[in-house]
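A short worksheet on the structure shown next.
Please read all numbers here as calculations on a predicted model, not as lab measurements.
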Amino acid sequence: MARILLLFVDGIGMAPAGSDNPLSTVEMPVMRRLLGGPLTTEQILLRDGLLLLSITASLGVPGLPQSGTGQTALFTGENGAVLLGHHVPAFPGPTLRRLIAEHSVFKRVVEAGRRAAFANPLPEDYVAAVEKGERRGSVTTWAAIAGGASVRRGLDDLRRGEAVAWDIVRDHFAERIGAPLPPVSPEEAGRHLAAVAARNDFTAWETFLTDLAAHGRWGLRVDDALARLDGLLGGLLEAAPADLTILLTSDHGNLEDATRRTHTSNPVPLLAAGPLAARFADLASILDLTPRILELLGVGRTAK
Ligand SMILES: [Zn+2]
């Protein structure tokens, strides 16, 4: 049986290697070993069980791609940017939330009788506040809510090593939620993620460390964000079950251009490692990902 794990890494685009591209200047030994070089356009490849290509995040709408519409595209396959006529940053408004409520990849997988998991912890009080409109929810939060309780993980799951926080080692996450959490190494977090993915047909995990660091927010550093991601990838690859295909992609460029702190119009990477990797080789856009995941999991199309 095919299993798929999607690593959504916010704000990393595909560009050539160079002194202004941290994806090529920061040490990422696991990524280099996997691809034979850095996560840059020079490494585009397809071979047995491994694929790297560039896919567009433009959504066919002018302007720099943004998180709200980009993540809606990734987690639903629906083009909210065309519907609204523009890209939407950060938190989705009513139109995007309607799309997510109907087309969430988690919801589709669960409704087909398969197991889906959002591997990031969503504290119960946070979910309740988002549902009541007291807190703003990200696309993934709304997509996980649409999937129902079986999709979500909480803080107890995180403490048991059955979830992975967006910052990987839990220091920033613990500070944001105002509760102490036992720290983990990036490699250990990667093994936790492999264990969640091994128990589900479809698992997604997100980190926005990369986008925040590239924007220069919260004092986060780009080299630290990439080192954490690389360590997580190391633990994950080492512990991944043989039937798991790991996907890594993004919603828009940002981090790959150190000369500016805004998003970029670069395409984003689609990295696939595992038995189904070649089945993603014809994808062109971030809109294509969810439909292909559903197809490979044998989940039918939405009746319209
Ligand atoms: Zn983003």
Side-chain angles (χ1 to χ4, degrees), residues 1-10 12 23 28-39 43 45-53 74-75 105-106 109 114-121 140 144 151 153 157-158 160-170 184-207 209-210 225-250 269-281 283 289-290 292-299:
M1 187 64 79
R3 294 179 199 284
I4 294 174
L5 166 63
L6 170 61
L7 309 178
F8 161 55
V9 181
D10 201 319
I12 59 165
L23 288 165
M28 296 186 77
V30 174
M31 187 67 84
R32 276 178 189 265
R33 212 159 43 236
L34 181 68
L35 296 175
L39 185 63
Q43 258 59 252
L45 63 86
L46 170 60
R47 63 168 189 257
D48 204 26
L50 188 64
L51 165 76
L52 177 66
L53 74 163
L74 281 174
F75 287 90
V105 62
F106 298 115
V109 172
R114 310 291 296 281
R115 294 172 65 93
F118 184 45
N120 296 68
T140 50
V151 164
R153 264 129 205 84
D157 299 300
L158 182 68
R160 284 196 298 268
E162 294 174 12
V164 178
W166 63 268
D167 65 344
I168 302 171
V169 304
R170 305 175 178 174
V184 289
S185 69
E187 290 76 13
E188 201 175 347
R191 290 190 288 271
H192 292 166
L193 195 50
V196 178
R199 287 193 299 272
N200 289 279
D201 300 302
F202 172 71
T203 303
W205 173 78
E206 76 170 337
T207 180
L209 262 176
T210 35
L226 292 179
R228 290 182 191 206
L229 180 64
D230 200 61
L232 172 127
L233 206 54
L236 170 62
L237 289 169
E238 169 201 305
D243 62 354
L244 182 68
T245 298
I246 299 165
L247 305 170
L248 183 153
T249 193
S250 189
L270 177 61
L271 169 61
L276 296 175
R279 305 289 296 274
F280 293 88
L283 267 53
L289 193 65
T290 274
R292 181 58 51 87
I293 288 170
L294 294 174
E295 185 189 326
L296 292 171
L297 292 176
V299 176

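Considering CD1 of I246 and OG1 of T203, their distance stands at 10.5 Å, rounded to 0.5 Å. Here CZ of R3 is found 4.5 Å from CG of D243. Values are rounded to the nearest 0.5 Å. The distance from atom CD of Q43 to atom CZ of R32, rounded to the nearest 0.5 Å, is 8.0 Å. The CG atom of L5 sits 9.5 Å away from the OG1 atom of T245 when rounded to the nearest 0.5 Å. Taking CG from L50 and CG from L271, the interatomic distance works out to 6.5 Å, rounded to the nearest 0.5 Å. Atom CG of L193 sits about 10.0 Å away from atom CG of L233, to the nearest 0.5 Å.
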| request: Any chance you could lay out the side chain to side chain contact (heavy atoms under 4.5 Å, CB included) test for L7 and L229, step after step, and finish with the verdict? | output: CA-CA 10 Å; L7 309 178; L229 180 64; 5.6 Å; no

| field | Working for side chain to side chain contact (heavy atoms under 4.5 Å, CB included), residues T290 and L294 | value | CA-CA 6 Å; T290 274; L294 294 174; 3.8 Å; yes

| request: Given side chain to side chain contact (heavy atoms under 4.5 Å, CB included), test I293 with L247 step by step and report yes or no. | output: CA-CA 10 Å; I293 288 170; L247 305 170; 3.8 Å; yes

| request: Report the C-alpha separation of L296 and F280 in whole Å, then their side-chain angles, then the decisive distance to 0.1 Å, and conclude whether the side chain to side chain contact (heavy atoms under 4.5 Å, CB included) test is met. | output: CA-CA 10 Å; L296 292 171; F280 293 88; 3.4 Å; yes

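Taking all atoms of both residues into account, the shortest heavy-atom contact from P186 to I168 is CA-CG2, 3.7 Å. In terms of heavy-atom proximity, R114 sits nearest to A2 at NH2-O, 4.2 Å. A pairwise comparison of heavy atoms in A272 and A277 identifies O-CB, 3.5 Å as the closest pair. The minimum heavy-atom distance between D10 and S250, with the atom names listed, is C-OG, 3.6 Å. Residues L209 and T207 come closest through the heavy atom pair N-OG1, 3.2 Å. Nearest heavy-atom pair across L35 and L45 is O-CD2, 3.8 Å.
Side-chain contact between L289 and L6 is present, with heavy atoms from C-beta onward closer than 4.5 Å.
Looking at W205, its side chain does come within 3.5 Å of a backbone N or O of V164 through a donor-acceptor pair. Side chain of T249 to main chain of P269: a donor-acceptor pair is present (N/O by atom type, distance under 3.5 Å, no hydrogens or angles). Side-chain atoms of D157 never come within 3.5 Å of backbone atoms of P121 as a donor-acceptor pair (strictly under, hydrogens ignored). Distance alone, capped at 3.5 Å, is enough to place a donor-acceptor pair between the R115 side chain and the R199 backbone. Judged by distance alone, with hydrogens and angles left aside, the side-chain atoms of R153 form a donor-acceptor pair with the main-chain N or O of V151 at under 3.5 Å.
Crowding of R279 atom CZ: a count of heavy atoms from other residues, nucleotides or ligands under 6.0 Å not exceeding 12.
In this structure T140 satisfies the side-chain hydrogen bond (donor to acceptor under 3.5 Å, both in side chains) test together with S138, E206, sequence neighbours excluded. Every residue meeting the side-chain hydrogen bond (donor to acceptor under 3.5 Å, both in side chains) condition with R228, not counting sequence neighbours, appears here in chain and number order: D171, D224.
The residue from L270, L34, L39 that alone fulfils the side chain to side chain contact (heavy atoms under 4.5 Å, CB included) condition with L52 is L39. Paired with R292 under the rule side chain to side chain contact (heavy atoms under 4.5 Å, CB included), one option of L276, L297, I4, L283 passes, and it is L283.
In this structure, F8 and F75 have perpendicular ring planes: the angle between them is above 60°, well past the 30° mark.
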